[in-house]
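Indexing begins at 1, ligand by ligand and atom by atom, following the structure's order.
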Amino acid sequence: MYPITFIYRVNNDKDPYRKRGSEIGDIQLKATSETFSPKMVVDFVAGLLGGAAGVLVGHPFDTVKVHLQTDDPRNPKYKGTFHCFRTIVQRDKFIGLYRGISSPMGGIGLVNAIVFGVYGNVQRLSNDPNSLTSHFFAGSIAGVAQGFVCAPMELAKTRLQLSTQVDSGIKFTGPIHCLKYIVKTEGIRGAFKGLTATILRDIPGFASYFVSFEYLMRQVETPGVAYTLMAGGCAGMSSWLACYPIDVVKTHMQADALGANAKYNGFIDCAMKGFRNEGPQYFFRGLNSTLIRAFPMNAACFFVVSWVLDICNAKGGMDSVMHSDQPLTLVNLDNKSQADLEATAPTVEEVVRKIITDNAMSHQYVSTPKDVVHSHYTSSTINIPKESKARLASDCNLK
Ligand SMILES: NC(=[NH2+])NCCC[C@H](N)C(=O)O
């Protein structure tokens, strides 16, 4: 069962004396997301839409990257990132930046649905849902889960991008064609080449992704649009920083010839050979462009995910208050314990009524049940009797 969590503060004013005997009107409520939404599916949908938004924002960066990577070094067309960007827009119009968007759109949409769906559900079901440890754990599990879709998808993408160098110059029409060819020549196992490396990359990748987002969102009481975008962007960058060396090895594994002609004998062998040939730089090639793309992409992604959860959860919050026997968690932003609060502040019922009437539900992605003291707030879990919820509901004319 999902705990219900509302973040509130008794008084805006930082002056501790002003809080004494606060009126109900001083309560500001902020409902948090992970609490409601018994519909597990909301997380998947939010992830899908967030992934699509991320691709929409991130794809032009990818296009520029691929153009730069394939530019002729002896007779370069482009003088740099920005010049490349401008040239493409001038030559092919804006749409030029969006060529080839359909397969990442579908693929990343699907992967993101799995990532956010698994992450959200695992995190909610864990013992202490709001601890950073749960976010770490849920992110890791999500990393494993998405690997099974992500690995074949990235295998096809890598081989399409390098199709002149590998697969004896076969011209694939798209990712599906490429995967069909791999299955035909190497069997089903061939399609999962690089699976271990993908999972090894995405466990730290998604653990750091969600932990850093959560951590950043906890640093302010009410994160606004700009702050949420910033937190999402930083989460994307920290995720890549945490796993980049593994990503380099994964790319080499997937670009390697299939079957008997393979150069590498597995992940370790590939990493060792790369290191011996090039030294430590091997593990960081292409990091810059990855980080540049990661910021806007993940800013958009997290923003849309938060926004979708917000919309879907607003109503669920009311339902939960009225119809469930679940404990209600009140997070006091004034950093007082509940016992302390009860002596000086409105009663829990008043708070709940305020919650219902204000219906002030805004997604925060942050909250902490149980009596835990944080730098910014204290939270406590309270059981609201069923009858008093019902009374509150009827008091407020809610069905
Ligand atoms: N290593 C990872 N997969 N990190 C998560 C970032 C995912 C995100 N879709 C991106 O491509 O930036």
Side-chain angles (χ1 to χ4, degrees), residues 43-44 46-66 100-101 103-120 135-136 138-158 161 194-216 229-251 253-254 267 283-306:
D43 288 309
F44 288 91
L48 186 89
L49 296 176
V55 172
L56 213 55
V57 173
H59 194 71
F61 293 88
D62 203 58
T63 306
V64 169
K65 191 185 92 181
V66 172
I101 196 175
S103 45
M105 192 59 111
I108 297 190
L110 179 62
V111 166
N112 258 272
I114 301 174
V115 167
F116 281 88
V118 171
Y119 158 76
H135 289 281
F136 182 92
S140 309
I141 307 256
V144 175
Q146 57 85 54
F148 295 89
V149 174
C150 183
M153 189 186 98
E154 290 194 358
L155 177 67
K157 187 193 80 136
T158 307
Q161 286 175 323
L195 175 66
T196 316
T198 305
I199 291 177
L200 283 177
R201 174 195 73 179
D202 289 336
I203 292 176
F206 285 108
S208 57
Y209 191 57
F210 289 111
V211 168
S212 53
F213 184 71
E214 274 299 314
Y215 178 80
L216 289 170
L229 288 170
M230 187 281 299
C234 291
M237 289 172 83
S238 90
S239 155
W240 283 108
L241 284 171
C243 69
Y244 199 76
I246 311 177
D247 182 64
V248 174
V249 181
K250 190 226 65 160
T251 302
M253 300 271 305
Q254 292 190 323
F267 183 81
F283 294 107
F284 298 97
R285 256 203 279 158
L287 177 60
N288 281 352
S289 58
T290 303
L291 292 180
I292 291 172
R293 167 183 156 281
F295 190 92
M297 174 170 197
N298 293 292
C301 177
F302 268 110
F303 183 76
V304 169
V305 167
S306 305

| query | Can you check whether Tyr209 and Phe206 have ring centres sitting under 6.0 Å from each other? | reply | yes
Ring-ring centroid check Phe213 Phe302, cutoff 6.0 Å: yes
Closest to atom 10 (C) of ligand 1 among protein heavy atoms sits Trp240 NE1, 3.5 Å
Contact region, Asn298 to ligand 1, non-hydrogen atoms below 4.0 Å, reads side chain
Side chain to side chain contact (heavy atoms under 4.5 Å, CB included) between Ile246 and Thr198, intermediate numbers included
CA-CA 8 Å; Ile246 311 177; Thr198 305; over 6 Å; no
key: Polar atom proximity, Asp202 to ligand 1 (N or O, under 3.5 Å)   = yes
Looking only at non-hydrogen atoms, the one of Ala142, Ser239, Ala207 nearest atom 4 (N) of ligand 1 is Ser239
For atom 11 (O) of ligand 1, the closest protein heavy atom turns out to be Arg293 NH2, 3.3 Å
Q.
Determine whether the aromatic ring centres of residues Tyr244 and Phe284 are separated by less than 6.0 angstrom.
A. no
When distances are taken from atom 1 (N) of ligand 1, the protein heavy atom at minimum range is Cys243 SG, 3.2 Å
What one should report as the nearest heavy-atom pair of Lys250 and Gly194 is CG-O, 4.2 Å
